[in-house]
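Worth saying up front: this structure is predicted, and the values here are computed from it rather than measured.
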Amino acid sequence: MSAPAPSTLAIVDAEPLPRQEEVLTDAALAFVAELHRQFTPRRNELLARRGERRAEIARTSTLDFLPETAAVRADDSWKVAPAPAALNDRRVEITGPTDRKMTINALNSGAKVWLADFEDASAPTWENVVLGQLNLTDAYERRIDFTDPKSGKSYALKSADELATVVMRPRGWHLEERHLQLDGVSVPGALVDFGLYFFHNAQRLIDLGKGPYFYLPKTESHLEARLWNDIFVFAQDYVGIPQGTVRATVLIETITAAYEMEEILYELRDHAAGLNAGRWDYLFSIVKNFRDGGAKFVLPDRNAVTMTAPFMRAYTELLVRTCHKRGAHAIGGMAAFIPSRRDAEVNKVAFEKVKADKDREAGDGFDGSWVAHPDLVPIALASFDAVLGEKPNQKDRLRKDVSVAPGDLIAIDTLDAKPTYDGLRNAVAVGIRYIEAWLRGLGAVAIFNLMEDAATAEISRSQIWQWINADVVFENGEHATADLARKVAAEELAAIRAEIGEETFTAGKWQQAHDLLLQVSLDQDYADFLTLPAYEQLR
């Protein structure tokens, strides 16, 4: 008697989308189902391990490099695989969601790389998940164009040699995809995003002289990198492409991963392309992990924590040294400024700040950096051109002068800045505005001349939570309390209502966003990710 056929993926509670059959083919869904069967149990174990590690940090209020992997760090003989030609020069990377207009603009932007984002810059509506995949395939097939219904302006791709190389970012391990289930169990969003993209485009990208390249978000340990590596090995065999075709850049945007950078590269070494230094998610991770650690771990206003803060400097310097020691690219942080079409003075000041930031990164040895808007590409390009010249990267700069002790990465109290009342107001204002847009399906949102994504909302609500629980006293004498947060949130909501008018306010999700921000900011039981309760409300 033959074995029963394995269960197939079910599409659950989802309105049909135009052309979805091109993405959700039987063969693609069978591949995602196999990824789920093979790897979700390990993913679940690793999520549980995150909780155990967090409990250990709560007990000790410290972190250290891992004694059990000391041999990996001490062995100077290993390197990551050489970069493929399409990823050798990454001096400027633009980030953004995979809607049709952004796909064209990002590919045309003049950046070397586009981070095509299914994660923090994309709210995971079914439409965004499926049509984002379609847009990427359409771009590779050069059948993508877009006419803006408001302006009437048309967008089309430039010639192939002028387009950015795509590095796709799937969702983090913690998120499920409720609309795809196997035997009633939701498939992890990461496996849905990776699986559909890889299945449809791996060979297509090879034929274009590129390959399936990925950014891996929210990684917390080398064991999570090992899981991804095993997924890559399985996937390449499944579709019949050579091992080592996949390349992955890992975002070091959690404090625990900062202590395992070499081990993360080692686990992925046949598929590793580099590491990236994040900012808001990194600070969010510090608050999350050290929230019981007392006053010395209390962060000031987020805008006061620049990349030149001693503990942030330790992190970025260690990242560059680690990457170059192992032959990997070191990619710097985000310039999130959005140029104003109305205020030249605002632009002038912001452009100077962006230039100073990119000059510092290029001078420190980074091989490239991120921007959020096409107008910033030339600024970042100039900073890296000045240092690199004709060279594609500066991996030959080994930064042997850098020495970082374990305590340097968590020396939060080396900052002079303190939390301020204006910082609280800004966290509330940005949090409400971002969450409202996210609940409407927008993940990349322009707020106060900055392009914000989910990491912004995470650090905003984390700071409110931390300041209240640390009983911070602001410079105006007010104590950070739940009542004060509620008062500021009510005032902010009223100001938004007055600014946009009753009709627009009622049509939006403002009250819902206000309530959700207060929920995750005031609950004694700190939610691991804002996007988990938010996803329950995303319809």
Item to complete: Please check if the side chain of R43 supplies one atom and the backbone of W173 the other of a donor-acceptor pair under 3.5 Å.
Response: yes
Discussion item. Between Y197 and F214, does the ring-ring contact (aromatic ring centres under 6.0 Å, His included) criterion hold? Intermediate values first, please.
Written reply: CA-CA 10 Å; Y197 180 75; F214 298 93; 5.7 Å; yes
Worksheet item: Between H36 and V187, is there a donor-acceptor pair closer than 3.5 Å when you use the side chain of the first and the backbone of the second?
Response: no
Item to complete: Test E56 against R53 for salt bridge (Lys or Arg N to Asp or Glu O under 4.0 Å), laying out the working first.
Response: CA-CA 5 Å; E56 177 67 9; R53 192 161 193 203; over 6 Å; no
Discussion item. When you compare the side chains of D183 and S7, does any donor N or O come within less than 3.5 Å of an acceptor on the partner?
Written reply: yes
Pair up each side-chain donor or acceptor in residues 79-86 with any protein partner under 3.5 Å, not counting sequence neighbours, and list the distances.
from, atom 1, to, atom 2, distance (Å)
K79, NZ, K325, O, 3.4

Worksheet entry | Stepwise salt bridge (Lys or Arg N to Asp or Glu O under 4.0 Å) check, D292 with R54 | CA-CA 10 Å; D292 318 291; R54 157 60 206 141; 2.5 Å; yes
Discussion item. Quick check: closest heavy atoms across D364 and V320, and the distance to 0.1 Å?
Written reply: O-CG1, 3.7 Å
Item to complete: Using the salt bridge (Lys or Arg N to Asp or Glu O under 4.0 Å) rule, take D207 and R204 through it: C-alpha gap first, then chi angles, then the decisive distance, then the call.
Response: CA-CA 5 Å; D207 295 343; R204 185 177 268 124; over 6 Å; no
Discussion item. Is the terminal nitrogen or CZ of K358 (NZ for Lys, CZ for Arg) located under 6.0 angstrom from the six-membered ring centre of F366 and within 45° of that ring's axis?
Written reply: no
Worksheet item: Between E458 and K288, is the closest basic N to carboxylate O distance under 4.0 Å?
Response: no
Worksheet item: Is R326 positioned over the aromatic face of Y266, cation under 6.0 angstrom from the ring centre and no more than 45 degrees off axis?
Response: no
Worksheet item: Are the ring centres of F194 and W228 closer than 6.0 Å?
Response: yes
Discussion item. With no hydrogens and no angle check, just 3.5 Å: does a side-chain donor-acceptor pair link T306 and T308?
Written reply: yes
Worksheet item: Does a side chain donor of either D99 or N135 reach within less than 3.5 Å of an acceptor in the other side chain?
Response: no
Worksheet item: Does E260 use its side chain to pair, donor to acceptor, with the backbone of H222 at less than 3.5 Å?
Response: yes
Practice prompt. Kindly confirm or rule out a cation-pi arrangement of R461 over Y526, judged by NZ or CZ under 6.0 Å from the six-membered ring centre and within 45° of its axis?
Written response: yes
Item to complete: Give me the one residue out of T165, D367, T249, N393 that meets side chain to side chain donor-acceptor pair (under 3.5 Å) with R90.
Response: T249
